[in-house]
K.L.:
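One structure follows; several queries about it will come next.
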Number of protein chains: 2
Amino acid sequence: MGVAHMGVMERVAPRRKKAVALAPAPAIEANRLLRGDCIAEMAKLPDGCIDMIFADPPYNLQLGGDLFRPEGGRVDAVDNDWDKFDTLSSYDRFTKAWLAQARRILKPNGTIWVIGSYHNIFRVGAALQDEGFWILNDIIWRKANPMPNFKGTRFTNAHETLIWASQGEDAKYTFNYKAMKTLNDELQMRSDWVLPICGGQERLKRNGTKAHPTQKPESLLYRVMLSCTKPGDIVLDPFFGTGTTGAVAKRLGRQWIGIEREPDYIEVAEERIAEALPLDESALAIMQTARQQPKVAFGTLVETGYLQPGSVVMDSKRRWSATVRADGSLAVGSDTGSIHKLGATLQGAPSCNGWTFWHIEKAGKLHPIDTLRQTYLLANEP
Amino acid sequence: MGVAHMGVMERVAPRRKKAVALAPAPAIEANRLLRGDCIAEMAKLPDGCIDMIFADPPYNLQLGGDLFRPEGGRVDAVDNDWDKFDTLSSYDRFTKAWLAQARRILKPNGTIWVIGSYHNIFRVGAALQDEGFWILNDIIWRKANPMPNFKGTRFTNAHETLIWASQGEDAKYTFNYKAMKTLNDELQMRSDWVLPICGGQERLKRNGTKAHPTQKPESLLYRVMLSCTKPGDIVLDPFFGTGTTGAVAKRLGRQWIGIEREPDYIEVAEERIAEALPLDESALAIMQTARQQPKVAFGTLVETGYLQPGSVVMDSKRRWSATVRADGSLAVGSDTGSIHKLGATLQGAPSCNGWTFWHIEKAGKLHPIDTLRQTYLLANEP
DNA sequence: GGGACCTCTGAATCCACCG
DNA sequence: TCGGTGGATTCAGAGGTCC
């Protein structure tokens, strides 16, 4: 918020975009899967031959022992060897090494995407900047259906972060602005994307169990690829896994190169991509328009000052009055709870819609608290 | 997604939480504003005296030249001198220096929050980990009404990132789980928070223009503080600016210390905090988790006659019936044990909550024995 | 066939206290 | 410090079964 820190650095001079001098890109063979270590395989590719890189590196989750759900089931966690690093600095060395190769083979006007969680994304982002990449956006994948926090110890980890970066500040990267706006009901596409996790029919199985522990949804790759590539562009994925990037590239008319080391994943990926068909337009529309209706929690009205903690609310017949508390709970005597729960308790009912049950008094008249929610939505809708 | 990378490290052994040995926290004078450089001022504070730190460090925005709106009006962007750093590494040195002080003055079980954008948050996050902080969550503040991207060259930058971290993996930090759940309409609070930006009446002005370029909304600080502090805790903000942290702390009955160097901001902050009204104690109460409530042993219910020795309890599907014994243990055939142990044994589960597993029959209906405990608690409240 | 109900699962750094 | 034990803890979506 403030300026209470040490020495001010000298002012940076205003910059102008310069065109990057473009050598003709070398022709390479695309639409194929390279078997092996991603750093070694990238090293075999010529300079500046790739239009876009999508990378989903190991997250280095550092999980402890088993975790059990409240009903007793065990969480099937990521415990693969490929996600284990002994120290942060060994993870950093790995990151720096693959990013250096990625930068070399990416065209001057190409862009790179990397996805991660709080375990690794800060290290990856810093390494990207250190390598000279220029961050264009960080994108939040807000999961519609994340796994809950079973023990009630933290906030539900409900998102992952993607970083989108160009080779440098002056690069003339591709951004299909209009396509993104169209996909978003004629509003600018924002930096937060709500998409479901990969499950159901889309989740690839082998012998009845998931083929890969961290398969990404095609809808995510679809939006990434549509935003920053043109038909025919070459997309490289150095951590190919079960080939989501390749499948989406094929369906969108992009070329692809995947690098993968694990034979099991390779087998699944090859079958999958062979079966992928170009999408028709109706299918495209379905993948994209997951417009969310705005939900407002009662607590938000308290946080944002639409209703002060300490205010009094009552039912329409003034049989009960309750005090609003700081966390959005209500209190009547020693009874406390959310607007819905307390309303139900007082009436002896199994459930209660607190929005219509509780009222505030204004100029002697009672108004359901739902009117406050409407006011909030009017002022804060995008 | 895949495994195409270098050497696999050896498996890390499961960890257990260890209690942190607590020296008594030194008493310090709170509810005051320290004028000066944040690193120098933090250096004057004793070790382990702060419960929570909220930091909004300068963003290193690297804005090149002026940014213009399509219709010609100049955008009032962040272009103050203090926001310019000549290189990434000088920003890193600055970050490391203030984080080291922050870590020293924070109590062993205290937590720190840092907010930033993609320009600086990756460097800050990596520095936090390097200093030994343990990241608990990254939180996305999804702005309900962000500034659009006027040029249509990128995704609308519609969020900022906060990192919440403890002093280490084993720290016993405060997390008001139930209060957060209540605030979010009885669903676990997620890592993505939708809150409006600071504007309208809340936005502080001086001479008709913004008093501070990056004033944060009080609703954001409200949720932060409610989630991880207790009334009376000391909250420090090393980049105090116009004092949002102080105003919310005062309102929520927390103590505060602000550090700020810029006289203009200090003046605005002091006025603002003087005017802030503290909530009264009843409004400050929040929903407590079961863990925080007084415990009742099952044996107590037997001793006090809420349940007779010899009564029969069963699970919800009547698969097992057990007899209550005089010492509060249960018996099924030759199997005996506590309500929890026996429930786990019978199901072959690693653990079991006997309070919700076992039921008593009343008028043909089954009720979990937890309802007996609730009855007992109501009758025997202090 | 449809609705009610049950089961399973997803990149997870997931307990606290006492002896 | 370690080990044992009491007992607290979950959301959305997909898919199956049963009536």
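Each chain gets a letter, A, B and so on, in the order the sequences are listed, and its residues count up from 1.
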K.L.:
Is A:Arg272 paired with A:Glu218 through a side-chain N to carboxylate O contact shorter than 4.0 Å?
P.N.:
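Between A:Arg272 and A:Glu218 there is a salt bridge, with a charged N closer than 4.0 Å to a carboxylate O.
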K.L.:
If you restrict it to nitrogen or oxygen atoms, what contacts under 3.5 Å exist between nucleotides 5-7 of chain C and the protein, and what is each distance?
P.N.:
none

K.L.:
Any side-chain N or O of A:Lys210 less than 4.0 Å from the OP1 or OP2 oxygen of C:dG10?
P.N.:
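Answer yes for this pair, as a side-chain N or O of A:Lys210 is under 4.0 Å from OP1 or OP2.
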K.L.:
Not counting sequence neighbours, which residues clear side chain to side chain donor-acceptor pair (under 3.5 Å) with B:Gln374? List them please.
P.N.:
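So B:Gln374 forms no side chain to side chain donor-acceptor pair (under 3.5 Å) with any residue.
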K.L.:
Show which side-chain atoms of residues 183-193 of chain B pair as donor or acceptor with protein atoms under 3.5 Å away, not counting sequence neighbours.
P.N.:
{"from": "B:Asn184", "atom 1": "ND2", "to": "B:Leu187", "atom 2": "O", "distance (Å)": "3.3"}
{"from": "B:Asn184", "atom 1": "ND2", "to": "B:Gln188", "atom 2": "O", "distance (Å)": "3.2"}
{"from": "B:Asp185", "atom 1": "OD1", "to": "A:Phe298", "atom 2": "N", "distance (Å)": "3.4"}
{"from": "B:Glu186", "atom 1": "OE2", "to": "A:Ser338", "atom 2": "OG", "distance (Å)": "3.0"}
{"from": "B:Gln188", "atom 1": "OE1", "to": "A:Asn149", "atom 2": "N", "distance (Å)": "3.0"}
{"from": "B:Gln188", "atom 1": "OE1", "to": "A:Thr156", "atom 2": "OG1", "distance (Å)": "2.7"}
{"from": "B:Gln188", "atom 1": "NE2", "to": "A:Asn149", "atom 2": "O", "distance (Å)": "2.5"}
{"from": "B:Gln188", "atom 1": "NE2", "to": "B:Tyr177", "atom 2": "OH", "distance (Å)": "3.0"}
{"from": "B:Arg190", "atom 1": "NE", "to": "B:Asp192", "atom 2": "OD1", "distance (Å)": "2.8"}
{"from": "B:Arg190", "atom 1": "NH1", "to": "A:Lys143", "atom 2": "O", "distance (Å)": "3.1"}
{"from": "B:Arg190", "atom 1": "NH2", "to": "A:Lys143", "atom 2": "O", "distance (Å)": "2.9"}
{"from": "B:Arg190", "atom 1": "NH2", "to": "B:Asp192", "atom 2": "OD1", "distance (Å)": "3.3"}
{"from": "B:Arg190", "atom 1": "NH2", "to": "B:Asp192", "atom 2": "OD2", "distance (Å)": "3.4"}
{"from": "B:Ser191", "atom 1": "OG", "to": "A:Thr156", "atom 2": "O", "distance (Å)": "3.3"}
{"from": "B:Ser191", "atom 1": "OG", "to": "A:Ala158", "atom 2": "N", "distance (Å)": "2.8"}
{"from": "B:Ser191", "atom 1": "OG", "to": "A:His159", "atom 2": "ND1", "distance (Å)": "2.7"}
{"from": "B:Asp192", "atom 1": "OD2", "to": "A:Arg142", "atom 2": "NE", "distance (Å)": "2.8"}
{"from": "B:Asp192", "atom 1": "OD2", "to": "A:Arg142", "atom 2": "NH2", "distance (Å)": "2.9"}
{"from": "B:Trp193", "atom 1": "NE1", "to": "B:Arg190", "atom 2": "O", "distance (Å)": "3.0"}

K.L.:
Restricting to side chain to side chain donor-acceptor pair (under 3.5 Å), what partner residues turn up for A:Asp264, sequence neighbours left out?
P.N.:
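Not a single residue meets the side chain to side chain donor-acceptor pair (under 3.5 Å) criterion with A:Asp264.
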K.L.:
Given the ring of B:Phe175, does A:Arg154 sit roughly above its face, with NZ or CZ under 6.0 Å from the centre of the six-membered ring and within 45° of the axis?
P.N.:
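A:Arg154 over B:Phe175 ring: no.
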K.L.:
Assuming nearest nucleotide by heavy-atom distance, tell me which of A:Thr153 and A:Trp141 is located more 5' along DNA chain C.
P.N.:
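It is A:Trp141 whose nearest nucleotide is closer to the 5' end.
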K.L.:
Return a single string for nucleotides 9-19 of chain D, one symbol per nucleotide in 5' to 3' order, where B is base contact, S is sugar-phosphate-only contact and - is none, cutoff 4.0 angstrom on heavy atoms.
P.N.:
BBBSSSS----
K.L.:
Dot-bracket, 5' to 3', for DNA chain D please: Watson-Crick or G-U pairs under 3.5 Å, [ ] where pairs cross earlier ones, | where the partner sits on another strand, dots elsewhere.
P.N.:
.|||||....|||||||||
K.L.:
Rounded to whole Å, how long is the line connecting atom CD of A:Gln215 with atom C1' of C:dT9?
P.N.:
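About 14 Å, once rounded to whole Å.
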K.L.:
Over how many whole Å does the gap from B:Asn109 atom CG to C:dC15 atom P extend?
P.N.:
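Taking CG of B:Asn109 and P of C:dC15, I get 16 Å after rounding.
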